[in-house]
Amino acid sequence: MRKLELHWQILIGMLLGILFGFAMTYVDWGKDFVSDWVQPLGTIFVKLLKLIAIPLIVASLVKGISDLKDISKFRNIGLRTIGIYIITTVFAITIGLVLVNLMQPGNGISQETVQKLTDTYAGDAGVTSKIAEASRQQNSGPLQFIEDMVPDNAFAALSDNGLMLQVIFFTIFLGISMLLIGEEKAKPLKDFFDSMNEVVLKMVDLIMLTAPYAVFALLAGVVVSSSDPDLLLALLKYALVVVLGLALMIVFYGIMVSVFTKKNPFWFLKQMSPAQLLAFSTSSSAATLPVTMERVEEHIGVDKEVSSFVLPVGATINMDGTSLYQGVAAVFISQALGFDLTFADQLTIVLTALLASIGSAAVPGAGMVMLVIVLESIGFPADKLAIGLALIFAVDRPLDMCRTIVNVTGDATVSMMVAKSVGKLGDPKVKNWDDNLKK
Ligand code: ASP
């Protein structure tokens, strides 16, 4: 029998997980059963992916840079990457703002619903912790972001998943210095990282063998802990605006792929689908990063010289889905609470959502923390922040899942565009997990 393609296997796992989760909400012990016996499988899977993220970034970035031969190429790739990331993010926020102004989802919300959502969530630990986290991040100077990028201890950076930019900084520094000492002297280190890179990519293959089961567990967990369906329904129009915006972003990426790389956009989406499905199931672009890298390099054909830099940087600073959502959410909350926004306020949203998406961590729910900062930038009353967040909290998880798909697809699109522009987009070279085993 022909083996079902990976994305179908994952999709089936997801659907069964959703059905199972729903079934379990009808039994008294269902929720506990899922959280005690099913969800841990999903958590282990996410941990495995995070486990290999840093070794993969280091090994592939060292390999990518030391293959370059010429440092000026690296500057070229770096500048293009950052430039395109900023353009796509501003585009995403603009789409979000246009849609939310046209469709006005906040004006249809009744006072009763506002009250009900406020009563349910305004004092919720989830909401208060997001506001506290935002104020911690906000009390920093304008250059803090750059200062934070430079580690003072390489091993401390390498041992913290939250310090991805520090790891990238250290690795680029290492890679460039390897180029400068000349090929012969750098060879032992290069061989070591080359081999490590192969091994870690093999680990991705092995972890992915369990993906269909893991997404079952992850989605069953999401369903049993989701909010009251009535509340979800009240927020339907808002959620639809966000989802419509995100869908338009996927169309936009398709157009970019076809115009700038001359590849078929449907082929691109199909190659990326396992990473997209994992982004949806885990809500974390950082956890999805190893799979994104594997898909982009082996299944699309982007050279490591480009992908090893563009993708890890993208996972941390390029979040088109998140910034689109922040634009929509900020205007929605203002509409629902009767806080008037001027055109200048909306421009402020574009700027702060751009900065906020750079500053958002690539983990579940991070976008909502930065939303607090976006709201404060337009003078939203501080005492109403908890009410504002309470309004959108019920649908945050499903929307987080959807926006993470866009975040990951955006990084992949940009990596293809940059690769094409520097002549580094080749043919796919798919490797199977058992290529070197005797059959
Ligand atoms: N979960 C998103 C990501 O990891 C970030 C967010 O929008 O909350 O890309």
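All ligand and atom numbering here is 1-based and tracks the order in the structure.
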### Geometric class of the Phe252/Phe91 ring pair [parallel <30°, tilted 30-60°, perpendicular >60°]
parallel

### Query
Got the closest protein heavy atom to atom 3 (C) of ligand 1, with its distance?
Ser285 OG, 3.1 Å

### ligand 1 versus Val408: contacting region, heavy-atom distance under 4.0 Å
neither

### Task
Any atoms of ligand 1 less than 4.0 Å from a non-hydrogen atom of Gly365? List them with their elements.
8 (O)

### Query
Is it the case that Lys263 places NZ or CZ above or below the six-membered ring of Trp267, under 6.0 angstrom from the centre and within 45 degrees of the axis?
yes

### Message
If you count heavy atoms of other groups shown closer than 6.0 angstrom to NZ of Lys429, is the number above 12?
### Response
yes

### Message
Within the 4.0 Å heavy-atom shell around Arg403, which atoms of ligand 1 are there?
### Response
6 (C), 7 (O), 8 (O)

### Query
Does a donor on one side chain sit under 3.5 Å from an acceptor on the other, for Thr352 and Ser377?
yes

### Query
Should Ala366 be counted as touching ligand 1, given the test is an N or O pair under 3.5 Å?
yes

### Query
Does any N/O atom on Ala286 come nearer than 3.5 Å to any N/O atom on ligand 1?
no

### Message
Which of the numbered atoms in ligand 1 are under 4.0 angstrom from any heavy atom belonging to Thr322?
### Response
5 (C), 6 (C), 7 (O)

### Task
Quick one: sort the Phe339 and Phe380 rings into parallel, tilted or perpendicular, breaks at 30° and 60°.
perpendicular

### Query
For ligand 1, which atoms have a heavy atom of Ser284 less than 4.0 angstrom away?
4 (O)

## Note on the structure
Per-atom filter on ligand 1: closer than 4.0 angstrom to a heavy atom of Gly367 are 6 (C), 7 (O), 8 (O)

### Message
When you compare the side chains of Thr322 and Asn407, does any donor N or O come within less than 3.5 Å of an acceptor on the partner?
### Response
yes

### Query
Can you tell which part of Ser283 has a heavy atom less than 4.0 Å from ligand 1: side chain, backbone, both or neither?
backbone

### Query
Any N/O of Met368 closer than 3.5 Å to an N/O of ligand 1?
no

### Query
Looking at Glu5 and Lys270, does any basic side-chain N land under 4.0 Å from a carboxylate oxygen?
yes

